[in-house]
Amino acid sequence: MQKMKKSVLFSILCAAFLLLTACSAGGKGAVITCDDYEIKLSKTTVGDLKEAGFTNRYSSIEESTLDSRTYDSFYPMKDDVSYGMMYVGNKRASQIEFDKGVIFEISFSYDDPDFPLGEVLVNGVNFEGYTREQVKEAMGDAEITLDYDEYLCFETGGCEYTFTFEGGSETVTDLRIDDGTETEFVIQ
């Protein structure tokens, strides 16, 4: 009887561990809102963005296909306004159309004079003009993984957030959000 209780308890603990692991790995994820369109890392495709009216800033770039287990860049624009740079990946074992590639990383430069950034919300927050302390407050109880010099990094919901304060800036100059899948790809 004692052995059976231990076995049941062990099974319950294993199930709880797997559930917690699945929740932290997949988590809530990041939701980036560009021009009122929600982009969910690991879910939104380039085709979804194009249907929402976004185009590639560099329309001369050949973007017909993505080879197996590769990634490439997409520079979304809408009405002559930039929405950063996105990495688009293909996790499949076969080639796919570029438009079917899934967005797994996105970065923004808040002070690029050549490409003004449109309104971008990250999990409901527009970080433009935020100080290091304001970023920490807005990120809530996300785990700080690096707080040094120009960089402030967090991990939450299966994503890594890297805030950059370049050249001694008191406010955020760049933001990168990554769902962690880049290591699965080779650059195309």
Side-chain angles (χ1 to χ4, degrees), residues 24-25 27-44 46 49 52 54-61 63 70-89 101-188:
S24 65
K28 174 178 131 185
V31 177
I32 296 96
T33 307
C34 297
D35 190 48
D36 295 327
Y37 182 78
E38 282 191 358
I39 299 166
K40 295 178 181 172
L41 292 186
S42 303
K43 295 186 185 337
T44 303
V46 170
L49 286 172
F54 292 89
T55 59
N56 193 344
R57 178 187 327 154
Y58 301 110
S59 57
S60 62
I61 293 176
E63 57 176 48
T70 62
Y71 69 95
D72 209 337
S73 303
F74 181 72
Y75 298 85
M77 287 197 80
K78 194 172 194 181
D79 302 324
D80 296 324
V81 177
S82 174
Y83 290 92
M85 181 190 74
M86 300 178 185
Y87 284 117
V88 180
V102 177
I103 295 158
F104 66 91
E105 182 178 320
I106 186 166
S107 62
F108 309 102
S109 180
Y110 292 108
D111 61 354
D112 185 343
D114 296 328
F115 297 101
L117 187 64
E119 182 180 41
V120 175
L121 302 177
V122 177
N123 299 328
V125 178
N126 182 346
F127 286 100
E128 186 171 12
Y130 269 44
T131 65
R132 185 177 294 267
E133 292 309 312
Q134 288 172 318
V135 168
K136 288 178 183 178
E137 185 177 319
M139 290 300 290
D141 52 357
E143 177 188 354
I144 296 175
T145 57
L146 178 66
D147 185 359
Y148 181 75
D149 200 26
E150 294 183 352
Y151 300 100
L152 178 58
C153 303
F154 297 85
E155 196 170 302
T156 186
C159 294
E160 181 179 82
Y161 299 76
T162 303
F163 296 86
T164 307
F165 300 83
E166 284 186 1
S169 176
E170 295 295 318
T171 60
V172 176
T173 57
D174 299 279
L175 170 57
R176 182 182 63 82
I177 305 126
D178 178 5
D179 75 359
T181 61
E182 181 180 352
T183 58
E184 298 178 31
F185 301 121
V186 292
I187 194 163
Q188 184 161 320

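Treat the numbers as computed from the prediction; the structure is a model and nothing was measured. Worth knowing before you read on, the calculation uses all heavy atoms, side chains too, and leaves out hydrogens, waters and symmetry mates.
For the atom pair CG of Leu175 and CD of Glu128, the computed distance is 11.5 Å after rounding to the nearest 0.5 Å. To the nearest 0.5 Å, the span separating CG on Leu49 from CZ on Phe74 amounts to 5.5 Å. Within the model, atoms CZ of Phe115 and CG of Asp80 stand 10.5 Å from one another, a figure rounded to the nearest 0.5 Å. Annotation: the span from Thr162 atom OG1 to Leu146 atom CG amounts to 8.0 Å, rounded to 0.5 Å. The line from CD of Glu105 to OG of Ser73 is 9.0 Å long, rounded to the nearest 0.5 Å.
Inter-residue side-chain proximity for Met139 and Phe127 is flagged as met; some heavy-atom pair is nearer than 4.5 Å. Proximity of Val46 to Met86: side-chain heavy atoms (C-beta onward) are nowhere separated by under 4.5 Å. In this structure, Tyr161 and Cys153 have side chains that are not in contact, with every pair of non-hydrogen atoms separated by 4.5 Å or more. Counting only heavy atoms from C-beta outward, the side chains of Phe54 and Tyr37 approach each other to under 4.5 Å. Using a 4.5 Å cut-off on side-chain heavy atoms (C-beta onward), Glu160 and Arg176 make contact. Two residues are said to be in side-chain contact when any heavy atoms from C-beta on lie closer than 4.5 Å; Ile103 and Leu41 meet this criterion.
Looking only at distances, no side-chain donor or acceptor of Asp147 sits under 3.5 Å from a matching main-chain atom of Leu152.
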Tabulate below the donor-acceptor pairs under 3.5 Å that side-chain atoms of residues 164-174 make, not counting sequence neighbours, or state none.
{"from": "Ser169", "atom 1": "OG", "to": "Thr171", "atom 2": "N", "distance (Å)": "3.1"}
{"from": "Ser169", "atom 1": "OG", "to": "Thr171", "atom 2": "O", "distance (Å)": "2.7"}
{"from": "Thr173", "atom 1": "OG1", "to": "Thr164", "atom 2": "O", "distance (Å)": "3.0"}
{"from": "Thr173", "atom 1": "OG1", "to": "Glu166", "atom 2": "N", "distance (Å)": "3.1"}
{"from": "Asp174", "atom 1": "OD1", "to": "Ser109", "atom 2": "OG", "distance (Å)": "3.2"}

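What you find for Ala142 and Thr156 is that their closest heavy atoms are CB-CB, 3.7 Å.
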Would Lys136 and Phe154 satisfy side chain to side chain contact (heavy atoms under 4.5 Å, CB included), going step by step from the backbone distance to the final call? CA-CA 9 Å; Lys136 288 178 183 178; Phe154 297 85; 4.1 Å; yes

Worked verdict on Leu117 versus Asp112 for side chain to side chain contact (heavy atoms under 4.5 Å, CB included): CA-CA 8 Å; Leu117 187 64; Asp112 185 343; over 6 Å; no

Please report the C-alpha distance between Val88 and Val102 in whole Å, then the side-chain angles of each, then the deciding distance to 0.1 Å, and finally whether the side chain to side chain contact (heavy atoms under 4.5 Å, CB included) criterion is met. CA-CA 5 Å; Val88 180; Val102 177; 6.0 Å; no

Candidate pair Ile106 and Val120, rule side chain to side chain contact (heavy atoms under 4.5 Å, CB included), full reasoning: CA-CA 11 Å; Ile106 186 166; Val120 175; over 6 Å; no

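Lys78 NZ: more than 12 foreign heavy atoms inside a 6.0 Å radius. Residue-environment remark: CG (Asp141) stays at or below the threshold of 12 foreign heavy atoms within 6.0 Å. More than 12 heavy atoms of other shown residues, nucleotides or ligands fall within 6.0 angstrom of atom CG in Asp149.
Using cut-offs of 30° and 60° for the angle between ring planes, the Tyr110 and Phe108 rings count as tilted.
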